[in-house]
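Here is the structure we will look at.
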Number of protein chains: 2
Amino acid sequence: MARVRLVEVARAAGVHPATASRALNPQARDEVSASTVQRVQRAAEQLGYVPNTLARGLRTSRSFVAALVIPDITNSLFPPIVRGAEQVLAGAGFTLVLTDTNNDVELERGQLASMRAHGVDGFIVATARWEDALVADLAGSGLPTVLVNRRCDSASLPFVGADDQRGVRLCVEHLAGLGHRAIVHLAGPADTSTGRERASAFRAAMRDHGLSTRAAVISCTGYSENAGRLAAERLVKAGKPFTAIVAANDLLALGAMEVLAEHGLSCPADFSITGFNDLAFMRKLTPPLTTVKVPLTDMGAVAARTLLHWILAADGISTTQTLLPVELVVRGTTGPA
Amino acid sequence: MARVRLVEVARAAGVHPATASRALNPQARDEVSASTVQRVQRAAEQLGYVPNTLARGLRTSRSFVAALVIPDITNSLFPPIVRGAEQVLAGAGFTLVLTDTNNDVELERGQLASMRAHGVDGFIVATARWEDALVADLAGSGLPTVLVNRRCDSASLPFVGADDQRGVRLCVEHLAGLGHRAIVHLAGPADTSTGRERASAFRAAMRDHGLSTRAAVISCTGYSENAGRLAAERLVKAGKPFTAIVAANDLLALGAMEVLAEHGLSCPADFSITGFNDLAFMRKLTPPLTTVKVPLTDMGAVAARTLLHWILAADGISTTQTLLPVELVVRGTTGPA
DNA sequence: GTGAAAGCGCTAACAC
DNA sequence: GTGTTAGCGCTTTCAC
């Protein structure tokens, strides 16, 4: 099953390889007579010609591959993003290489190097930390790079994310409207833009409602259920009364609810809680989680489109910051104070 | 930020490119004097040399890329598989390209062609249908290919999956042990090996317990919650009494539970139900789902190892069929008849 | 509109 | 142990 090369197609069509190349390339097709195009295409079809992208890439220094860097594909936040990106990329004839950094900076460094070695045309990065040397490197290299979900302090790169500020504000407003005044925020890690921005939005929204934020923000070490458990333990230990929690994401909310339940606190009778992202199955929990719905698939798709634009347009770097609209989905975990 | 080429490294180290190549290649490093290796490596480091995998691949006809073909990354069954595969592959210096077929055969055809054009060294396929021309093509092409999760009727390719037979048998035994006799199976689609094999295992297990399978198997059109809903509707309409359900996977179980709840049937009081796969969050439902735990990450990892073996060993095709052990996790959805 | 020739960056076969 | 040479499969000037 040896692979058919362009030369063979050309020979079969009775033309020079260069002509065959032109006939097969949509870009250059019109430099060739229609009848030749026909003959070449037929020959290619007949022989089952599959172009060698490596060889083409070597020549054109374009690989038609985009890399997507994810911290943990197992976190249901990311699959929809991957999917959105893949669809757009595939639609444009690009291939997606996926790399899961397992939240490990050293691993990520190696993977990025490997991707670059493979000559990828661009990166979509979902792992950005607030201060991120790797992303800074990427930005410095001039390789088209789009940040998704999380931004970076340093690099001025295009970014596609959710309107976090508005999401958190919706939560606080909803809770305040239900009469809650002692509202606590389980903040995401300070080395992520989402953690920082959701926390500052929380503070702003509380202020706007004339509510105090003294000791109302608990920092979590990560975005996992376990980090949520730990935070809730601290909350309980602190002994400060609260009637509502705004968690920086769904997983934190889940972990916190578990611990609180172990302490005999039931939801929404004893406390209300909101999540963020609306992961799959959140509506199936008991009670179903009130949370902020984020258009994750769109996020991936828009990120991919932004990247493609940069790769193909060649007309310099746009640094568009796109914030996708979010929506509060009120379900069972929030009730009157 | 022009990319540094091997020539430049060689020049900096004062050697011929070929020598630099050897020094940098672990395979051929011992054909070069230690001091030269030192010099070349230092030069490469200093210049920030990133080898061009495309060029190497063109020369060696090996790209160090493996493709993973997934029907729907959004289905939580697949992310753990992806993750397991990615880790093993990355550990061996391979890059993973991911393609999500969206369960669409036409799309899949195009994607496979594109992957082949990119010169991938092998495929891990999680989309296999029972009769699958695309997989047959792949098998015929001689390209290293490993099937994961689902097998194929036709192709004799290595396969890594779960011990479905045993999983279903465990469910039936558990249910029978609780006194259930009217047990129904929500079968997966007949064009998947998992659907077929779980159904036949169900029949066998029922027979072994002296239970009738007359009208006890309902075929679902897919593996989605919605397919589960539809099947449950049919079950209710049919009016045939039942006290327990063995669903071919978790999603089907979830959909069925929803419909049954709408009909006023509560679980486990009015009926028991088991799932398959133990997706994330299944233990968080109310009641938590009794299901068969499958080592999904391992499945991905073993599939990747099998593929690597084939790619690197070159000593012909092994067609090992690996069945990973499963385990019944008894939770809240099963109770006495 | 088509052919000829050169070369993308690397490595393998062969010299020495 | 290291240099020389050739070529992987394709595209792209440049002639004609």
Side-chain angles (χ1 to χ4, degrees), chain A residues 2-41 43-44 47-65 93 113-114 116-121, chain B residues 2-41 43-44 47-65 93 114 116-121 314:
Chain A
R3 225 161 111 157
V4 182
R5 282 161 308 145
L6 183 57
V7 220
E8 292 151 39
V9 175
R11 203 172 296 143
V15 296
H16 192 273
T19 309
S21 169
R22 286 186 272 247
L24 259 16
N25 184 329
Q27 294 274 45
R29 205 183 327 277
D30 46 357
E31 302 171 8
V32 174
S33 80
S35 71
T36 309
V37 171
Q38 283 268 330
R39 249 180 315 133
V40 172
Q41 282 183 331
L47 297 175
Y49 171 63
V50 180
N52 184 329
T53 313
L54 262 64
R56 153 186 277 178
L58 187 57
R59 191 57 236 250
T60 59
S61 59
R62 177 158 293 173
S63 62
F64 291 96
V65 175
S114 164
R116 292 178 66 171
H118 277 286
V120 302
D121 291 333
Chain B
R3 228 163 111 158
V4 181
R5 282 160 308 145
L6 184 57
V7 221
E8 292 152 38
V9 175
R11 203 173 296 143
V15 296
H16 191 275
T19 309
S21 169
R22 286 186 273 246
L24 259 16
N25 184 327
Q27 294 274 44
R29 214 197 301 294
D30 46 356
E31 301 171 8
V32 173
S33 80
S35 72
T36 308
V37 171
Q38 284 269 330
R39 249 179 318 133
V40 172
Q41 282 183 332
L47 298 175
Y49 171 64
V50 180
N52 184 329
T53 313
L54 263 64
R56 154 186 277 175
L58 188 56
R59 191 57 237 254
T60 59
S61 59
R62 177 161 293 173
S63 63
F64 291 98
V65 175
S114 164
R116 292 178 67 171
H118 276 286
V120 302
D121 292 333

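None of the values given here were measured: they were computed from a predicted structure. First the proteins, then the strands, lettered A, B, ... as listed; each starts at 1. Just so you know, these numbers use all the heavy atoms, side chains as well, and skip hydrogens, waters and symmetry mates.
In summary, contact between chain A and DNA chain D, defined as any nucleotide atom under 4.0 Å from a heavy atom of the protein, begins and ends at D/dG9 to D/dT13 in the 5' to 3' direction.
In this structure, the side chains of B/Asn52 and B/Arg56 stay at 4.5 Å or more apart for every pair of heavy atoms.
Heavy-atom nearest nucleotides on DNA chain D were determined for A/Arg5 and for A/Ala18, and the one closer to the 5' end corresponds to A/Arg5. Each of B/Ala28 and B/Leu58 lies near DNA chain C, and the nucleotide nearest B/Leu58 is the one positioned closer to the 5' end.
Residues passing the side-chain hydrogen bond (donor to acceptor under 3.5 Å, both in side chains) test with A/Glu8 are A/Arg5, sequence neighbours excluded.
Dashed line: the shortest gap from a side-chain N or O of B/Tyr49 to OP1 or OP2 of C/dG9 is not under 4.0 Å. Checking the phosphate oxygens (OP1, OP2) of C/dG3, a side-chain nitrogen or oxygen of A/Thr19 falls inside 4.0 Å.
Here C/dT11 presents its C1' atom at 12 Å from CZ of B/Phe64, a figure rounded to the nearest Å. For the pair A/Arg39 CZ and C/dG1 C1', the interatomic distance rounds to 11 Å; values are reported in whole Å. Rounded to an integer number of Å, the gap from A/Leu54 CG to C/dG9 P is 14 Å. C/dG9 atom P lies 20 Å from atom CZ of B/Arg22, rounded to whole Å. Following rounding to the nearest Å, B/Gln27 (CD) and C/dA12 (P) show an atom-to-atom distance of 9 Å. For the pair B/His16 NE2 and C/dA12 P, the computed distance is 15 Å after rounding to whole Å.
The CZ atom of B/Arg62 lies 13.5 Å from the OG1 atom of B/Thr53; values are rounded to the nearest 0.5 Å.
Residue B/Ser61 is classed as having no contact, given no heavy-atom separation below 4.0 Å to the nucleic acid.
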Exercise for review: Begin with the C-alpha distance, continue with both residues' side-chain angles, and end with the deciding distance and a verdict on side-chain contact (heavy atoms from CB on, under 4.5 Å) for A/Val40 and A/Thr19.
Suggested key: CA-CA 9 Å; A/Val40 172; A/Thr19 309; 5.5 Å; no
